[in-house]
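The structure appears below as C-alpha cells.
In what follows, every chain begins at residue 1, and chains take the letters A, B, ... in the order their sequences are listed. The analysis underlying the following values was restricted to heavy atoms, covering all of them including side chains, and did not include hydrogens, waters or symmetry mates.
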Number of protein chains: 2
Amino acid sequence: MIGMTPPTPRNARRSDALSRGRIVEAAIEVLDATGEAGLTVRSLTAHLSTGRGAIYHHVANKEGLLASAADDIVGRVTAGAGDDEDPEQSIRLLALGIFDAIDAHPWVGTQLSREPGQPAVFRIWKSIGSQLQRLGVPGPARADAGSALVNYILGATAQYAAGPRRVTSDPDRKAYLDDLAARWAQHDPDPIVQDAASHLPEHDDRAQFLAGVDIFLTGITARG
Amino acid sequence: MIGMTPPTPRNARRSDALSRGRIVEAAIEVLDATGEAGLTVRSLTAHLSTGRGAIYHHVANKEGLLASAADDIVGRVTAGAGDDEDPEQSIRLLALGIFDAIDAHPWVGTQLSREPGQPAVFRIWKSIGSQLQRLGVPGPARADAGSALVNYILGATAQYAAGPRRVTSDPDRKAYLDDLAARWAQHDPDPIVQDAASHLPEHDDRAQFLAGVDIFLTGITARG
DNA sequence: GGAAGTTTGGACCGCTGGTCCAATTTCAAG
DNA sequence: CTTGAAATTGGACCAGCGGTCCAAACTTCC
C-alpha cells in the first residue's frame, strides 16, 4: 500500500554535508540557469540530490533563500567597488556594477523590488550613502539624495531585468524592439509616441541608465 | 459517487451579465480589500458569485487581469493630471498623483515593476514625455530624461509599496520604523548607518519622494 | 557499547492558476 | 410559435507549488 510508511531502504547521511551556504550557492546556479520561475523547492532539491526536509532544516523559507541569493550577488559588487579618487566617478562605477550584475542575473532585479528591508538593498544604501558623504552632501540633503539615487537604480534595473534583458543575439534583440515599437506605434497615433517608437530600436539600455545617473549627479551638485 | 458528472441542478444564466469591465472592477475591489496575495481566481469568483470558467471566458489569465487593473488606476491619475502653466509643476503633480495612487493601492506599485511593456507603464511614459517636450528638452536628451524620471518614479513607488506603506496609525508606523532602525543599528556599527537609522523615524516618505523628483528636474534643466 | 542528538528524504497537506465540458440560456431563422 | 445553433456559465479536475512532519539513518559523546 502506498499510503503507509514504507520499509524502503532509508537514506544514508551524505558525505558532502548540506549547509546554508551550499544551498544558497545551488539556488544561484538554478536561478541563473532557469530564471526566477525555474527555482522551486523541488528543482532545488533535485539539483542538490536531496529531499525537501533537508533544505528546510537549514533555510526558513524560499523568501529568505532568495534574499540571501540576491545579497550574495550584490555583496560581490559592493565589495569590489573601491573608493575612486572622484566620488562622482565612484557612484557611476557602483551603479554600473549593479546594472551589470543584474544584466548577468536578472532575477536579482525583480528580487530587490520586493522587500525594502532586505540585506541586499541595505548594502546598496550603505555604499551610496558613503559616497555621497565623500561628495560633501550635507546631512539632511543626503537622505533625500541617497533615496533618489537608490530608488532610481532599483527602478531602472527592475525594469531592465523584466524587459528584453539578456537577449544575447543582436537580431533577436532588434526583433524584440521592432515588435515593441510597432505595437506602441499601432496602439497610439500621438506624435510623441511615434517619435519615441522610432528611436526605440537604436537605444542602448546601459548608456541610458548611465545618463540617468549623470542627470542625478548634475541635480545634486547644482543644488549643493 | 463524487467523481462522476453529477445530475445537480445546473446553473442558470445570470441576470447581471459578466463582462471584462465588471471583472476588472471586482479584482480592484478584492486587491484593495485583501492585498495582492489576497487576489486569487477563487476569491475573485467568490466575490462575483460565479465559477472559474466564466472568468476565463472574458480574461486570458491572471497576469492580464492585474495589468488591466493597474492600468485602470494609473489611467485615472494621468487623465486627471492636466497641463499646468509650468511644465515642471505638471511633472511634480503627476508624480505625486502616482505616489498617492500607490499609497491608496499598494498592489499597483509592485505590479508596475513586473512587465515594462504593460499599458500602465506606457501611460506614465507618455505623460512624462509630453511634459518634457513642453519643457523644451530636445529630442535625444528627452529619452534619457524621461527614462530617468520614469524609472525613479517606478523604483520609489515600488519600494514604498513594498515597505511600511499605509500603516494608518501613527504609533504603528513609529513602532515599525523604530524597529527597522534598531535592526539596522544593531546589525552594523558604521557611523553612516547609525546616523541614517537615527533619522529614520522622523522621515516623511512623500516629502522625500518629491525631493527626489526635484533633484532629477534640476539635473534635467541644468543640462538642457 | 549504547544512549542522545542531529541530519536526511519522502509522504502528505492545503492551496494555486488554468483547462475542459455538460448544462443552460439566448436569439435569430423559418 | 418552434427550433436549432451559438454564446455563456460554473464546477469537477489537473499538475504543480511551498511548507510540515516524522521515522530512519548517521554522529557523537559518555
Side-chain angles (χ1 to χ4, degrees), chain A residues 1-27 30-31 34-69 107 110-111 114-115, chain B residues 1-24 26-27 30-31 34-70 107 110-111 114-115:
Chain A
M1 197 181 292
I2 206 172
M4 294 184 62
T5 317
T8 46
R10 277 291 177 152
N11 36 290
R13 172 172 284 212
R14 312 160 53 87
S15 57
D16 52 341
L18 221 46
S19 68
R20 187 183 172 94
R22 277 184 53 80
I23 292 176
V24 170
E25 186 187 349
V30 174
L31 284 164
T34 63
E36 189 167 16
L39 178 72
T40 67
V41 181
R42 281 161 178 80
S43 68
L44 187 58
T45 57
H47 193 74
L48 285 164
S49 317
T50 183
R52 253 184 304 262
I55 283 180
Y56 281 97
H57 201 267
H58 296 274
V59 168
N61 51 36
K62 196 186 170 182
E63 187 184 329
L65 187 58
L66 274 167
S68 290
W107 50 272
T110 62
Q111 171 58 26
R114 253 200 278 277
E115 170 60 49
Chain B
M1 193 180 295
I2 207 171
M4 292 183 63
T5 316
T8 47
R10 277 291 176 153
N11 35 289
R13 172 173 283 213
R14 312 162 51 87
S15 55
D16 52 342
L18 220 48
S19 70
R20 188 182 171 95
R22 277 183 54 79
I23 293 176
V24 170
V30 173
L31 284 164
T34 62
E36 189 167 15
L39 178 72
T40 67
V41 182
R42 280 162 179 76
S43 68
L44 186 59
T45 57
H47 193 75
L48 285 164
S49 316
T50 182
R52 254 184 304 267
I55 283 179
Y56 280 97
H57 201 268
H58 296 275
V59 169
N61 51 36
K62 195 185 170 183
E63 187 183 330
L65 187 58
L66 274 168
S68 290
W107 51 272
T110 62
Q111 170 59 26
R114 252 200 278 278
E115 168 62 46

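Separation of atoms NZ (A:K62) and CG (A:L39) is listed at 5.0 Å; rounding is to 0.5 Å. Atom CD of residue A:E115 and atom CD of residue A:E63 lie 6.5 Å apart, to the nearest 0.5 angstrom. Atom CD1 of B:I55 sits about 5.5 Å away from atom CG of B:L48, to the nearest 0.5 Å.
The distance between atom OH of B:Y56 and atom C1' of D:dG11, rounded to the nearest whole Å, is 14 Å. D:dC26 atom C1' lies 13 Å from atom NE2 of A:H57, rounded to whole Å. Here the P atom of nucleotide D:dA7 and the CG atom of B:L18 are 17 Å apart, to the nearest Å. A:E36 places its CD atom 11 Å from the P atom of D:dG18, with the value rounded to the nearest Å. Per the geometry, CD1 belonging to A:I55 stands 10 Å off P belonging to C:dT8, to the nearest Å.
Using a 4.0 Å cut-off on heavy atoms, the residues of residues 38-46 of chain B that approach DNA chain C are B:L39, B:T40, B:V41, B:R42, listed by number. Residues from residues 59-70 of chain B placing a heavy atom under 4.0 Å of any atom in DNA chain C, listed by number, are B:N61, B:K62.
Partner A:V59 forms a side chain to side chain contact (heavy atoms under 4.5 Å, CB included) with one of A:I23, A:L44, A:V24 and no other, that one being A:I23.
The residue among B:S19 and B:R52 whose nearest nucleotide of DNA chain D lies closer to the 5′ end is B:S19.
Considering only residues two or more places apart in sequence or on other chains, B:E36 meets the salt bridge (charged side-chain N to carboxylate O under 4.0 Å, His left out) condition with B:R114.
Side-chain contact between B:L65 and B:V41 is absent, with no heavy atoms from C-beta onward closer than 4.5 Å.
In terms of heavy-atom proximity, B:A70 sits nearest to B:W107 at N-CZ3, 3.8 Å. Smallest separation of non-hydrogen atoms from A:A26 and A:H47: CB-CD2, 3.9 Å.
OP1 or OP2 of D:dT9 has at least one side-chain nitrogen or oxygen of B:H58 nearer than 4.0 Å.
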